[in-house]
Protein chains: 2
Amino acid sequence: MAAGDTRKQIIDAADDLFYGLGFSQTSFADIAAAVNISRGNFYYHFKTKDEILEAVIDKRLADRETLLSRWDETAARPEDRIACFIRIVIANQTKIMAYGCPVGTLTTELSKLDHPAKDKANRIMALFRDWLVRQFEVLGTGALAKDHALHVLGWSQGVATLAQAFKDEAYVQREVDSILAWLDGVRSAAQAAG
Amino acid sequence: MAAGDTRKQIIDAADDLFYGLGFSQTSFADIAAAVNISRGNFYYHFKTKDEILEAVIDKRLADRETLLSRWDETAARPEDRIACFIRIVIANQTKIMAYGCPVGTLTTELSKLDHPAKDKANRIMALFRDWLVRQFEVLGTGALAKDHALHVLGWSQGVATLAQAFKDEAYVQREVDSILAWLDGVRSAAQAAG
DNA sequence: TGGCTAATAGGTCAATTGTCCTAGTCGGGC
DNA sequence: GCCCGACTAGGACAATTGACCTATTAGCCA
């Protein structure tokens with residue numbers, strides 16, 4: 001097996017396990033078992049557990065950048081792109097009900113651990129924020145773009161947390177409908193002002 | 001020192017540590033050091049770590065029940081009571097920016113651990129939800145009371161998560177203003193209909 | 001004072017953790 | 001065929017964990 005393959009497999013397995021169990025609760029043994037390699041072999045690819053974490057965060061950053069770029073391409077209007085973001089809580093509903101939001105739960109955990117990589121993890125959150133700011137700017141909300149962006153981002157975190165706690169699919173759907181209606185109000189207000 | 005005292009001190013220290021570090025990251029040694037007793041003495045008061053967790057959750061449940069009862073007494077109108085709930089994200093802003101929401105982060109962590117006490121932890125979340133439902137019912141929102149309650153509860157979770165990630169006080173204040181305006185809209189609509 | 005029980009201290013235990021080392025295998029270039 | 005570097009396996013290591021035990025003290029009651 002080529003080195004790149006094993007390394008990628010380790011990162012993928014760690015990504016899943018960090019999401020499902022949390023970072024500190026995932027052991028080297030867990031990852032090694034998932035990839036089916038010996039624990040010792042691990043040390044060849046990653047010197048420390050923190051190194052794996054950094055690689056996982058890098059991968060998540062790249063994945064999200066790809067996702068946002070795709071939305072930029074496939075959805076022409078900014079309101080449609082924002083709607084894509086809103087609807088991921090439905091697309092990923094099953095996983096969110098089981099493990100919460102992968103971005104939110106990681107930033108929360110690393111923050112509590114006061115882990116050196118917490119700032120890097122926050123960058124994933126900031127990536128979504130900045131992308132949303134751009135969409136609202138294109139939508140024509142002017143100085144309110146940042147406020148609206150944080151509002152939508154915070155909304156997604158709240159929905160994910162309650163979805164995990166109560167496992168209520170209807171609640172998620174209602175919240176999506178509700179924020180889409182809010183988004184439409186923001187759009188029409190911006191277009192009336194512009 | 002009386003037995004009740006030491007036990008209470010252990011629970012208080014564990015409460016703080018579980019909030020600041022997380023449950024699984026807090027060790028017996030951490031709690032013992034905080035209370036200034038020997039590790040061995042621990043076993044006399046609590047047989048297992050899970051037993052401490054249950055005691056902490058019970059304490060949090062009791063604390064929140066007291067808090068909600070106080071709001072029931074001091075605030076006459078339901079909209080004022082709901083506003084009390086909304087404003088705790090400002091009252092506890094410093095701690096929330098450091099550690100997130102004590103209720104949300106615990107339920108998320110225990111859910112990932114698939115811990116036996118996760119349902120009990122969820123009861124704190126449910127306590128707030130049911131209280132909010134009652135307030136919205138008194139407010140006269142009829143069948144929408146449950147939807148509104150979950151909306152406010154999810155809002156608080158989202159604000160706490162982003163407050164911790166971005167440490168943006170102005171964001172928190174804006175969100176509070178915004179949801180208070182929403183609450184006022186709900187109130188006037190309910191009173192117009194009633 | 002003597003005795004009993006609640007409470008505490010300190011240490012042991014096996015298990016698990018992240019880290020690290022060494023011996024070995026494999027495959028392509030000379 | 002040989003060699004060298006990439007890769008892997010398996011285990012050693014100290015540290016930490018939750019759990020558990022025993023000896024000792026403190027406080028109260030008779």
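On a predicted model such as this, the values are computed, not experimentally measured, just so you know.
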Answer yes or no: does a side-chain N or O of His45(B) lie under 4.0 Å from OP1 or OP2 of dA6(C)?
no

A correct 5'-to-3' footprint of nucleotides 10-19 of chain C, with B, S and - meaning base, sugar-phosphate only and no protein heavy atom under 4.0 Å, is BBB----SSB

Nearest-Å distance, CZ (Phe46(B)) to P (dT8(C))?
12 Å

In whole angstroms, the gap separating C1' of dT8(C) from CZ of Arg7(B) amounts to 16 Å

Between dA23(D) (P) and Tyr44(B) (OH): distance, integer Å
18 Å

Tell me, yes or no, whether the heavy-atom count around Gln191(A) atom CD, taken from other residues, nucleotides or ligands under 6.0 Å, exceeds 12.
yes

Between P on dG27(D) and CG on Asp5(B), what's the gap in Å once rounded to a whole number?
13 Å

Starting at atom CZ of Phe42(A), determine the distance to atom C1' of dC7(D), rounded to an integer number of angstrom.
15 Å

Please check if the distance between the ring centroids of Trp71(A) and Trp131(A) is under 6.0 Å.
yes

Is it the case that Asp30(B) and Ser27(B) place a side-chain donor and acceptor less than 3.5 Å from each other?
yes

Are Phe166(A) and Tyr171(A) near enough that their ring centres are under 6.0 Å apart?
no

Between His148(B) and Trp182(B), ring centroids under 6.0 Å:
yes

Nearest whole angstrom, please: distance from the P of dA19(D) to the CD1 of Ile31(B).
11 Å

Quick check with a 6.0 Å cut-off and a 45 degree axis cone: is Lys49(B) positioned over the face of Phe46(B)'s six-membered ring?
no

